[in-house]
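See below for the structure under consideration.
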There are 2 protein chains.
Amino acid sequence: MNENLEILKRNGLSVTEGRKKILDLFLDNEGALAHADIEKYTDAAFDRVTVYRTLQTFVDKGIIHQIPTTDNSILYALCKHKCEAGHHHDDHVHFICNLCGKTICLDDVTVPAVKLPKGFKPAQAAMVVTGTCSDCK
Amino acid sequence: MNENLEILKRNGLSVTEGRKKILDLFLDNEGALAHADIEKYTDAAFDRVTVYRTLQTFVDKGIIHQIPTTDNSILYALCKHKCEAGHHHDDHVHFICNLCGKTICLDDVTVPAVKLPKGFKPAQAAMVVTGTCSDCK
DNA sequence: CAAAAACTTGCAACATTATTGCAAATATTG
DNA sequence: CAATATTTGCAATAATGTTGCAAGTTTTTG
Ligand SMILES: [Mn+2]
Ligand SMILES: [Mn+2]
Ligand SMILES: [Zn+2]
Ligand SMILES: [Zn+2]
């Protein structure tokens, strides 16, 4: 069975062209995608609003997760672990390559715990490393 | 001597009302500021474009640093270490409080090193922790 | 399988945020 | 203080994000 279909059904989502296509992009793409990438890769076949809503739906369901950036954009990538609606477990480090520009989920590199000052209670931690990726090295 | 003035001169920047005022905001404010905050705190006394350019200039000079977020905004905070033009050394963890919304530079908490897969060469690492801050606890 | 119900999409209108060129204003230099 | 260098605000333009709603599509029901 197509993996995209399987994922949509498992999450109780109606199966539509747009959702299948956008999910495929994530499944086929190793790196993370920004809203703009998706518009480009789908040749603007779907309305910009639909893309916004689809991404939001996927995040809500725990199908994709967001990666913070420092350039007024948000990157999205597949959740490979068992994320559920309302509860993500994406504790891995993200790597942004300065040369090729790709953002890669280092699924096997866990964000290390840090000791916070008194009174601070951590809930989630994100880590983004920049540098040169293994392809560009 | 006023600290803002001192910082501007040290970095070879012309001293203007806008720069002094915006720099003061950072000096007076413990937390990080977004572009929108600055417009609000200055009562829109300066054109939006001037604020963009001022923030960019400060980042370039190593006076402030950027903090990545997951909501299409960029936060800025003072560099407290010896950052130079073109070379930042802000290796500290950032904490975003889910209750009061403040973003705090944990200047004494260093981003831990992580072991990356073969071929990846790190240059910089950023870490953002969310949760409850010491004021809101 | 067809009808009803539930949900998703695209459009249009609108709002917010960001970028650029350029002339006027301001700051620095000597 | 005059000459020069730099910064600012404005206007125009672009890019990005949000909302309501009617039409279209998918799912459920009998
Ligand atoms: Mn990831
Ligand atoms: Mn900081
Ligand atoms: Zn690369
Ligand atoms: Zn707080």
Side-chain angles (χ1 to χ4, degrees), chain A residues 1-2 4-26 32-61 63-64 66-76 85 101, chain B residues 1-2 4-26 32-61 63-64 66-76 85 101:
Chain A
M1 191 206 242
N2 283 339
N4 57 10
L5 234 166
E6 205 259 311
I7 293 175
L8 291 176
K9 295 215 160 154
R10 182 171 65 225
N11 285 281
L13 292 174
S14 302
V15 176
T16 68
E17 277 315 298
R19 286 174 178 172
K20 277 193 290 182
K21 193 65 170 256
I22 292 175
L23 193 42
D24 272 340
L25 281 181
F26 283 106
L33 301 172
H35 177 101
D37 295 324
I38 292 166
E39 290 218 75
K40 193 168 58 182
Y41 290 151
T42 56
D43 259 319
F46 308 101
D47 193 271
R48 140 199 271 334
V49 177
T50 301
V51 176
Y52 282 118
R53 294 197 270 223
T54 302
L55 289 172
Q56 189 55 58
T57 301
F58 286 179
V59 170
D60 290 345
K61 290 292 187 178
I63 298 171
I64 60 178
Q66 300 176 302
I67 303 165
T69 70
T70 205
D71 72 339
N72 279 306
S73 79
I74 304 175
L75 292 172
Y76 301 86
Chain B
M1 194 208 243
N2 284 338
N4 57 10
L5 234 165
E6 204 259 312
I7 293 176
L8 292 175
K9 294 213 162 160
R10 182 173 62 225
N11 286 280
L13 292 174
S14 303
V15 176
T16 68
E17 278 314 299
R19 285 175 179 172
K20 278 194 291 183
K21 192 66 171 257
I22 292 175
L23 193 41
D24 272 341
L25 281 181
F26 282 106
L33 300 172
H35 177 103
D37 297 323
I38 291 166
E39 289 218 77
K40 193 169 59 183
Y41 290 151
T42 55
D43 258 318
F46 308 100
D47 193 272
R48 155 194 246 0
V49 178
T50 301
V51 175
Y52 281 119
R53 293 196 271 223
T54 302
L55 289 171
Q56 188 55 56
T57 301
F58 286 179
V59 169
D60 290 346
K61 289 293 186 177
I63 297 171
I64 60 177
Q66 299 176 302
I67 303 166
T69 70
T70 205
D71 71 340
N72 278 307
S73 79
I74 305 175
L75 293 171
Y76 301 86

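Computed from a predicted structure; not experimentally measured. Sequence lines set the chain letters: A, B, ... in the order given, protein chains first and strands last, and positions in each chain run from 1.
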Checking side chain to side chain contact (heavy atoms under 4.5 Å, CB included) for the pair A:Ile22/A:Phe58: CA distance, chi angles, key distance, verdict?
CA-CA 10 Å; A:Ile22 292 175; A:Phe58 286 179; 4.2 Å; yes
CG of B:Leu33 to OG of B:Ser73, rounded to nearest 0.5 Å, is 11.5 Å
Interface polar pairs with nucleotides 9-17 of chain D, N/O, under 3.5 angstrom:
residue : atom : partner : partner atom : Å
D:dG9   : OP2  : B:Asp47 : N            : 3.4
D:dG9   : OP2  : B:Thr50 : OG1          : 2.3
D:dG9   : N7   : B:Arg53 : NH2          : 3.0
D:dG9   : O6   : B:Arg53 : NH2          : 2.7
D:dG17  : OP1  : B:Asn72 : OD1          : 3.0
D:dG17  : OP1  : B:Asn72 : ND2          : 2.8
D:dG17  : OP2  : A:Tyr52 : OH           : 2.6
D:dG17  : O5'  : A:Tyr52 : OH           : 3.3

Taking it one step at a time, do B:Tyr76 and B:Asp37 satisfy side chain to side chain contact (heavy atoms under 4.5 Å, CB included)?
CA-CA 10 Å; B:Tyr76 301 86; B:Asp37 297 323; over 6 Å; no
Roughly what angle, to 10°, lies between the helix axis at the start of the helix from C:dC1-D:dG30 to C:dG30-D:dC1 and the one at its end, five pairs per end?
40°
Using whole Å, what does the distance between atom C1' of nucleotide C:dT8 and atom CG of A:Leu55 come to?
15 Å
Do B:Ile38 and B:Tyr52 pass the side chain to side chain contact (heavy atoms under 4.5 Å, CB included) test, and can you show the C-alpha distance, the side-chain angles, and the key distance before you say yes or no?
CA-CA 10 Å; B:Ile38 291 166; B:Tyr52 281 119; over 6 Å; no
Correct closest heavy-atom pair for B:Leu75 and B:Ala32 would be CB-CB, 4.0 Å
Side chain to side chain contact (heavy atoms under 4.5 Å, CB included) assessment of B:Phe26 paired with B:Ile63:
CA-CA 10 Å; B:Phe26 282 106; B:Ile63 297 171; over 6 Å; no
If we ignore hydrogens and angles and just use 3.5 Å, is the side chain of A:Asn2 paired with the main-chain N or O of A:Asn4 as donor and acceptor?
no
So which of residues 12-23 of chain B are in contact with DNA chain D, with a heavy-atom cut-off of under 4.0 Å?
B:Ser14, B:Thr16, B:Arg19
Whole-Å distance between C:dT8 C1' and A:Lys61 NZ?
14 Å
Can you tell me how far apart CD1 (A:Ile7) and CD1 (A:Ile64) are? Round to the nearest 0.5 Å.
11.0 Å
Is A:Glu6 salt-bridged to A:Arg10, cutoff N-O under 4.0 Å?
yes
How far does CG of B:Asn72 sit from NE2 of A:His35, to the nearest 0.5 angstrom?
10.0 Å
